[in-house]
Structure formats: structure tokens, C-alpha cells
Amino acid sequence: PETKETTNQEILPQPIIINTSKLESNNLVFDLSWNGISEIDYDLDLIAFMLDSDGDCYDSNGFIFYNNDISFDNAIKLSADIQTGENGLSETMSMDLSLVSPDTNKIAVWVCRFYEDDYDMSELDAATLMIKNGDKDLNGCKITEGVSYEVCELLRKEDGWYIQEMNMASEYNLKDICISYGLNVE
């Protein structure tokens with residue numbers, strides 16, 4: 001994908017902010033797990049967008065997903081899906097915020113279903129996301145609806161990084177979300 005002249009305010013609805021708090025550690029782990037339905041090959045993906053001061057992903061190297069699993073600055077690393085049972089899968093995204101490029105002011109974290117199928121997240125038996133900041137467990141969430149799910153935004157401020165929790169289901173697919181952050185997708 002290449003950048004284009006669109007901002008996320010033009011496509012996505014304004015999120016509902018549940019909580020904003022300063023992170024105690026530069027290390028974050030997002031642990032996503034789900035149980036699919038046996039007759040459906042269902043895949044969820046953790047996605048991160050490294051955003052500039054305008055809220056745009058400056059290029060495809062700042063878009064971390066299943067085909068680009070390590071950020072250009074090595075701050076964000078995404079694991080491959082791990083089978084956890086007959087129909088269970090999990091995926092982990094690790095972040096070391098001390099390595100994030102100085103050009104990145106915000107990181108948006110989403111959960112998206114694989115966009116080529118016709119099912120939303122209500123078709124899953126269970127999908128949960130747990131967030132760990134250093135040794136501290138942050139608010140997790142159960143994902144029960146939507147095509148995608150806006151988990152949080154990580155905000156860089158003068159005194160460190162903050163997490164702004166959203167936990168908002170959305171009907172936008174991965175392509176729509178990419179476009180909203182200024183990426184051209186074909």
C-alpha cells in the first residue's frame with residue numbers, strides 16, 4: 001500500500017474512549033484467542049498502525065499485520081496463529097515502545113477478521129483479548145460482534161506513553177480501516 005490524501009476522520013466514526021491511562025512499562029503484549037466453528041475456517045488478526053502527528057500511517061512499513069509481522073523499527077512483533085485446540089487459535093502482538101520511531105506519535109491497535117469471508121465475530125464461540133503492560137494486566141475484552149474491533153490507541157506524550165482504550169465493534173473491513181489511516185490498497 002502507498003499513502004494517499006485521506007484522514008481517518010473522513011471514514012471511521014469517532015470512537016468512544018473508555019479510559020486513558022499512563023503506561024507503567026514500555027513493554028506491552030496483546031494476546032488474542034478465539035474458538036471458531038468447525039465448519040467455518042475463521043481467522044482473526046491483530047493489526048497495528050503506526051501513525052504520524054496527522055493520524056496517518058506514513059507508509060506500508062508502519063502497517064503491522066499478517067504479511068508484515070515486524071515493524072520497520074523492530075518495536076512491534078506479531079506472532080503467527082497458534083493452534084490451541086480442535087477449533088482454537090491464538091495470536092500475540094508484542095511491543096517495546098522504547099524502540100518506536102520518533103516520527104510515530106500514535107499506534108492504533110485493531111482486531112480484524114480475515115476480510116474475504118462473509119462472517120462477523122458473532123459467529124465465534126469466544127474471542128478474547130488480554131493486554132499486559134510489563135507485569136500488570138490491563139483491561140481485557142470479549143469480542144462478540146462486528147467485522148473489526150478497535151482495541152486502543154497508544155499515545156506518545158512528553159512524559160511517556162498512554163493507552164486510550166476503545167473496545168469498539170465496527171462494521172469496517174481491513175481495507176476500509178487501511179484507507180482511513182491514509183494507505184492506498186488495491
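Because the structure is a prediction, the values reported are computed rather than measured. All values below come from the heavy atoms of this structure, side chains included, with hydrogens, waters and symmetry mates left out.
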Check against side-chain contact (heavy atoms from CB on, under 4.5 Å), M93 and I76:
CA-CA 7 Å; M93 181 180 288; I76 303 174; 3.7 Å; yes
Which is it for L51 and N105 under the side-chain contact (heavy atoms from CB on, under 4.5 Å) test, yes or no, and what are the steps along the way?
CA-CA 6 Å; L51 308 173; N105 294 331; over 6 Å; no
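Once rounded to the nearest 0.5 Å, the distance linking CD of E153 with NZ of K106 reads 4.0 Å. With values rounded to the nearest 0.5 angstrom, L183 atom CG is found 8.0 Å from D59 atom CG. To the nearest 0.5 Å, atom CD of residue E91 and atom CG of residue L44 are 8.5 Å apart. Within the model, atoms CD of E165 and SG of C152 stand 7.5 Å from one another, a figure rounded to the nearest 0.5 Å.
In this structure D137 satisfies the side-chain hydrogen bond (donor to acceptor under 3.5 Å, both in side chains) test together with K132, sequence neighbours excluded. D159 pairs by the side-chain hydrogen bond (donor to acceptor under 3.5 Å, both in side chains) definition with Y162, not counting sequence neighbours. By the side-chain hydrogen bond (donor to acceptor under 3.5 Å, both in side chains) test, S98 is found to be paired with D96, residues two or more places apart in sequence or in another chain being considered. Qualifying side-chain contact (heavy atoms from CB on, under 4.5 Å) partners for N133, counting only residues two or more places apart in sequence or in other chains: L23, E24, S25, L28, L138. Here K157 pairs with nothing under the side-chain hydrogen bond (donor to acceptor under 3.5 Å, both in side chains) rule; sequence neighbours left out.
Listed by first then second residue, pairs satisfying salt bridge (charged side-chain N to carboxylate O under 4.0 Å, His left out) with a partner in residues 63-78 number zero, not counting sequence neighbours.
Connection of F72 to L97 is established within a shared hydrophobic cluster, with ILVMFWY side chains joined at heavy-atom distances below 4.5 Å, either directly or through further cluster members.
Judged by distance alone, with hydrogens and angles left aside, the side-chain atoms of S79 form a donor-acceptor pair with the main-chain N or O of T92 at under 3.5 Å. Proximity of a side-chain donor or acceptor of S148 to a complementary backbone N or O of C112 within less than 3.5 Å is not detected. One N or O on the side chain of N68 and one on the backbone of F63 form a donor-acceptor pair closer than 3.5 Å. Side-chain atoms of D54 never come within 3.5 Å of backbone atoms of D56 as a donor-acceptor pair (strictly under, hydrogens ignored).
Within the 4.5 Å cutoff, the side chain of I107 has heavy atoms near those of the V100 side chain. Contact of the L78 side chain with the D45 side chain is not registered, since no non-hydrogen atoms from C-beta on lie closer than 4.5 Å. In this structure, the side chains of M95 and V109 come closer than 4.5 Å at one or more pairs of heavy atoms.
Between the side chains of W110 and Y172, no donor-acceptor pair of N or O atoms lies under 3.5 Å.
A pairwise comparison of heavy atoms in S71 and M50 identifies CB-SD, 3.6 Å as the closest pair. A pairwise comparison of heavy atoms in L46 and F30 identifies CD1-O, 3.7 Å as the closest pair. Here the closest non-hydrogen pair linking I47 and F65 is CD1-CB, 3.5 Å.
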